[in-house]
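Each residue takes its place number in the sequence, starting with 1.
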Amino acid sequence: MHLRGPASRATLAESLGLNRSTIMALTADLTAAGLVREELPRKPGRRAGRPSLVVRPESTRVYVLAFDVGVDRLVVARVGLGGEVLDRREGARDRGADASDLVTALVSAARSLVRKAGRDAVCVGAAVAFPGIVRRADDAIMFGPNLDIGDLSLGEALSRRLGLGIPVAVCNDADLGALAEHERGAGVGCDNLIYLHGDVGVGGGIIVGGRLLGGDQGFGGEIGHMVVNPGGRPCACGAQGCLEAEVGERTLLAHAEREEGPDGREAVRAVVEAADWGDIVAREALHRVGTWLGIGVANLVNVFNPGLVVFGGTLRDVYLGSAAQVRSVLATNALAASREKVRLRTAALGDDTTLVGAAEFAFTEVLADPVQVLARLKAPEDTPVL
């Protein structure tokens, strides 16, 4: 129900391969825990007789906090069970702001959301999408070239300041983007996909066999630091010719002769829009960036044989402006067998892809063991008013 929405007992029994008495018992447990409710269908059915009760997630009562930390913007949302965004706070981030400012801004927004949720609501998890390399074992940020927060333990700092009695997980934003598009976006039904995310730099998340590919310590999927042009443009990681260096925001703006102007997502979109209106310099910039993006995609297609490649963040706009070039380079450089059925798509969740991914990750524990997790959390009346 969290992923697919409300359903009748009969539908649940059929889809899960369980008998109705088992479904009735499970529903009773979840209802007693305050996770779901049963009610009459909101639209009358076609069958005669008493309508089957519909089981719905308690979206307004059970929620998580999702934090999306970008180089230029911060988003904090209260997301209910079932994936419904109940409330959100969003604002610009100064690229020169320090780690203390970051934590203060996130905590302030989160406290506002918790207060608005009221005492009857329970926060069951929290997660941060962060643009950097994150070690899964302890959520330590190992490298954040475009958003340096020094030695700060972001998850611990947020958990301590919020005081909700729950840990705050920190994850790579592109990994969470891949999770979100797989569960709720363009990749629903596709168990082998690659998500490419742009936000000044370039990141990636890889889903293999329906599971996120993490590598030995969780550092897998750093697609942005795959070298596509040896000896090319210098990258923030210290190498040269990384995909990030050849297709990132700074490179696109430099090719478009807009280095001295505004930066950020709107600046990237302005280049794409100018190209659409016939700006020759902007078109050439997208052509050059599209060439390297196509080479990067071709390498990924050859290695992973995905069924789908999804472009998100600023790369969503870059791909829309250079799709023909990307596809042309892919056709030339990828193995015919591997590229034959691969689909190239933009993120269906738009600018909220990584935010949705953070929410999905925050729900992981309660979905795995809902009754036990909720039982050990503080009762709603004991939750502090922030």
How far apart are the closest heavy atoms of Ala110 and Leu65, and which atoms are they?
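Scanning both residues, the minimum pair turns out to be CB-CD1, 4.2 Å.
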Just by modelled atom types, is the Gly198 backbone N or O under 3.5 Å from a matching donor or acceptor in the Thr314 side chain?
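Pair found, side chain donor or acceptor close to backbone of Gly198.
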Shared hydrophobic cluster, Leu30 / Leu3 (ILVMFWY, side-chain heavy atoms < 4.5 Å)
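No, it is not one cluster - the side chains of Leu30 and Leu3 are not joined through contacts under 4.5 Å.
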Residue pair Thr27 / Arg9, side-chain donor-acceptor N/O under 3.5 Å
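Thr27 vs Arg9: no donor-acceptor pair found between side chains.
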Could you check Val200 against Glu249 for side chain to side chain contact (heavy atoms under 4.5 Å, CB included), going step by step and ending with a plain yes or no?
CA-CA 5 Å; Val200 181; Glu249 173 195 305; 3.4 Å; yes
Show your reasoning for whether side chain to side chain contact (heavy atoms under 4.5 Å, CB included) applies to Val281 and Arg258.
CA-CA 10 Å; Val281 175; Arg258 299 184 181 213; over 6 Å; no
Is any NZ, NE, NH1 or NH2 atom of the basic residue among Asp351 and Arg73 found under 4.0 Å from an Asp or Glu carboxylate oxygen of the other?
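A salt bridge is absent here (no side-chain N lies under 4.0 Å from a carboxylate O).
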Hey, could you give me the OG1/CD distance between Thr31 and Glu38, rounded to the nearest 0.5 Å?
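Spacing of OG1 (Thr31) from CD (Glu38) equals 5.0 Å.
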Hydrophobic cluster membership, Val55 vs Leu18, 4.5 Å side-chain cutoff:
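Both belong to a single hydrophobic cluster.
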Do you know the tightest heavy-atom contact between Phe361 and Leu179?
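Taking every non-hydrogen atom into account, N-CD2, 4.1 Å.
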In terms of hydrophobic clustering (I, L, V, M, F, W, Y; side-chain heavy atoms under 4.5 Å; direct or indirect links), are Leu86 and Val79 co-clustered?
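Yes; Val79 is reachable from Leu86 via cluster members.
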Out of curiosity, Leu176 CG to Glu183 CD, how far, rounded to the nearest 0.5 Å?
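Reported to 0.5 Å precision, the distance equals 12.0 Å.
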What is the minimum heavy-atom distance between Arg184 and Glu360, and which atoms define it?
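Result for this residue pair: NE-OE2, 2.7 Å.
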Testing the basics here: between Ile206 and Gly221, what is the closest heavy-atom pair and its distance to 0.1 Å?
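For Ile206 and Gly221, the tightest heavy-atom pair comes out as CD1-CA, 4.1 Å.
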Okay, side chain of His182, backbone of Asp191: is any donor-acceptor separation there less than 3.5 Å?
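Flag not set: sc His182 to bb Asp191 has no pair under 3.5 Å.
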Please answer whether the main-chain N or O of Leu253 pairs with a side-chain N or O of Glu259 as donor and acceptor at a distance below 3.5 Å.
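No; judged by distance alone, with no hydrogens or angles, the pair does not exist.
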Separation between CG of Leu102 and CG of Leu106, rounded to the nearest 0.5 Å:
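The distance works out to 4.5 Å.
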For the pair Asn192 (side chain) and Val208 (backbone), establish whether a donor and an acceptor sit closer than 3.5 Å, ignoring hydrogens and angles.
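The answer is no, because no donor-acceptor pair under 3.5 Å joins these two groups.
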For Glu284, does the CD atom have more than 12 heavy-atom neighbours from other residues, nucleotides or ligands under 6.0 Å away?
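For Glu284, atom CD is crowded (more than 12 foreign heavy atoms under 6.0 Å).
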Less than 3.5 Å apart, any donor N or O on the side chain of Ser100 or Asp98 sitting next to an acceptor on the other?
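No, Asp98 and Ser100 have no side-chain donor paired with an acceptor closer than 3.5 Å.
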Shortest non-hydrogen separation from His2 to Gly82 and the atoms involved
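His2 and Gly82 have their closest heavy atoms at ND1-N, 2.9 Å.
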Using atom types as modelled and distance alone, determine if a side-chain donor or acceptor of Ser15 lies under 3.5 Å from a backbone N or O of Thr11.
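Yes; judged by distance alone, with no hydrogens or angles, the pair exists.
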Between Pro57 and Arg37, what is the shortest heavy-atom contact and its length?
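Minimum heavy-atom separation between Pro57 and Arg37: O-NH1, 3.5 Å.
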Roughly how far, to the nearest 0.5 Å, is NE2 of His287 from CZ of Arg283?
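Reported to 0.5 Å precision, the distance equals 12.5 Å.
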Going from CG on Leu81 to OG1 on Thr60, what distance comes out if it is rounded to the nearest 0.5 angstrom?
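Interatomic distance, Leu81 CG to Thr60 OG1, rounded to 0.5 Å: 10.5 Å.
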ILVMFWY cluster membership beyond Leu212 - transitive side-chain contacts under 4.5 angstrom:
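When side chains under 4.5 Å apart are linked, the cluster holding Leu212 also contains Leu193, Tyr195, Ile207, Leu308, Val310.
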Within a radius of less than 6.0 Å around CD of Glu156, do more than 12 heavy atoms belonging to other residues, nucleotides or ligands occur?
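Check fails, neighbour count at 12 or below.
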N/O donor-acceptor pair under 3.5 Å between Ser159 side chain and Ile166 backbone:
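Yes; at least one donor-acceptor contact below 3.5 Å.
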Would you say the side-chain atoms of Glu181 pair up with the backbone N or O of Ala348, donor to acceptor, closer than 3.5 Å?
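Here the side-chain-to-backbone pair exists.
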Should Met226 and Val309 be regarded as members of a common hydrophobic cluster, given that ILVMFWY residues are connected when their side-chain heavy atoms come within less than 4.5 Å of each other, either directly or indirectly?
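Cluster IDs for Met226 and Val309 match.
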Would you check if the side chain of Glu244 reaches a backbone N or O of His225 as a donor-acceptor pair within less than 3.5 Å?
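The answer is no, because no donor-acceptor pair under 3.5 Å joins these two groups.
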Inter-residue atom distance Tyr319.OH - Arg345.CZ, 0.5 Å rounding:
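Here the interatomic distance stands at 7.5 Å.
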Check: Arg250 main-chain N/O paired with Asp263 side-chain donor or acceptor under 3.5 Å:
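Here the side-chain-to-backbone pair does not exist.
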Main-chain N/O of Gln325 paired to Ser322 side chain as donor or acceptor, under 3.5 Å
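No, because the side chain of Ser322 does not come within donor-acceptor range (under 3.5 Å) of the backbone of Gln325.
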If two hydrophobic side chains count as joined below 4.5 Å and joins carry through other members, does Val188 share a cluster with Met1?
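Shared cluster, no.
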